[in-house]
Amino acid sequence: MKYWLVKSEADVYSIYDMEKDEITFWDGVRNYQARNFLREMKIGDKVLFYHSNSDVIGVVGLCEVVKESYPDFTQFDKKSKYYDPKSKLDNPTWFMVDIKFVKKFKRTVTLEEIKKNSKLKNMKLVQKGNRLSVMPVMKDEFDEIIKMAGE
DNA sequence: GCCAACGTTGGC
DNA sequence: GCCAACGTTGGC
């Protein structure tokens, strides 16, 4: 099993939306590296849910992969802001997965705390200039985040 | 709102 | 293939 972290702007799609929807498709990833990570996701993989552009920035909950990668339909939708005119129906460029809400943490593990924790210094999240919206997390890092969340 | 750090685009 | 210009992300 693998572990991941996905970022979402809190005012666009938050853990509360996720809780309400229970299952959501993770659309709109338009970065090749992030896409490649999406395609590696397997059913049952654990996904940390991270709020960016938020009053409280950090990991707010846990989700799980329930459907493995399939073409992101928004790339073919001219009305979508994720529309990609270069992508071909028979050879899609962009993919998405379905993830299921598991839990909202009792407390947020903030970016500040993550930066201060020497066990987490190798996390992609805190490495220089990293803007990936989907990234892998090591098992020990995942366990440490869960511990910090008091779960 | 600012801006650093990228990634992408397109002319050459 | 290079690189300037532009767009986006995301912390602050």
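All values derive from a computational prediction rather than experimental measurement. To find a chain, count down the sequence lines: A is the first, B the second, and so on, and within it residues start at 1.
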Counting side-chain heavy atoms from CB outward, which of C/dT9, C/dG11, B/dT9 is closest to A/Arg131? C/dT9

What's the CD-C1' distance between A/Glu9 and C/dG11, to the nearest Å? 12 Å

Main-chain N/O of A/Asp11 paired to A/His51 side chain as donor or acceptor, under 3.5 Å: no

Look only at the side chain of A/Lys7 and the backbone of A/Leu132, and say whether a donor-acceptor pair between them is shorter than 3.5 Å. yes

State, to 0.1 Å, how close A/Met18 and A/Tyr13 come at their nearest heavy-atom pair, and which atoms those are. CA-OH, 3.5 Å

OP1 or OP2 of B/dC6 versus the side-chain N and O atoms of A/Tyr32: is any pair under 4.0 Å? no

Any side-chain N or O of A/Lys115 less than 4.0 Å from the OP1 or OP2 oxygen of C/dC12? yes

Would you say A/Lys128 places a side-chain N or O within less than 4.0 Å of OP1 or OP2 belonging to B/dA4? no

A/Asn130 CG to B/dC6 P, straight-line distance once rounded to whole Å: 9 Å

Rounded interatomic separation in angstrom, taking CD from A/Glu112 and C1' from C/dG11: 12 Å

Separation of B/dG7 P from A/Leu132 CG (nearest whole Å): 8 Å

Between atom CD in A/Gln127 and atom P in B/dA5, what is the gap in whole Å? 15 Å

Do the side chain of A/Asp45 and the main chain of A/Lys2 share a donor and acceptor less than 3.5 angstrom apart? yes

Would you kindly give the CD1-to-P distance between A/Ile57 and C/dT9, to the nearest whole Å? 15 Å

Can you measure A/Leu5 atom CG to C/dG10 atom P for me and round it to whole angstrom units? 11 Å

Please give, in whole Å, the distance from B/dG7 P to A/Arg35 CZ? 15 Å

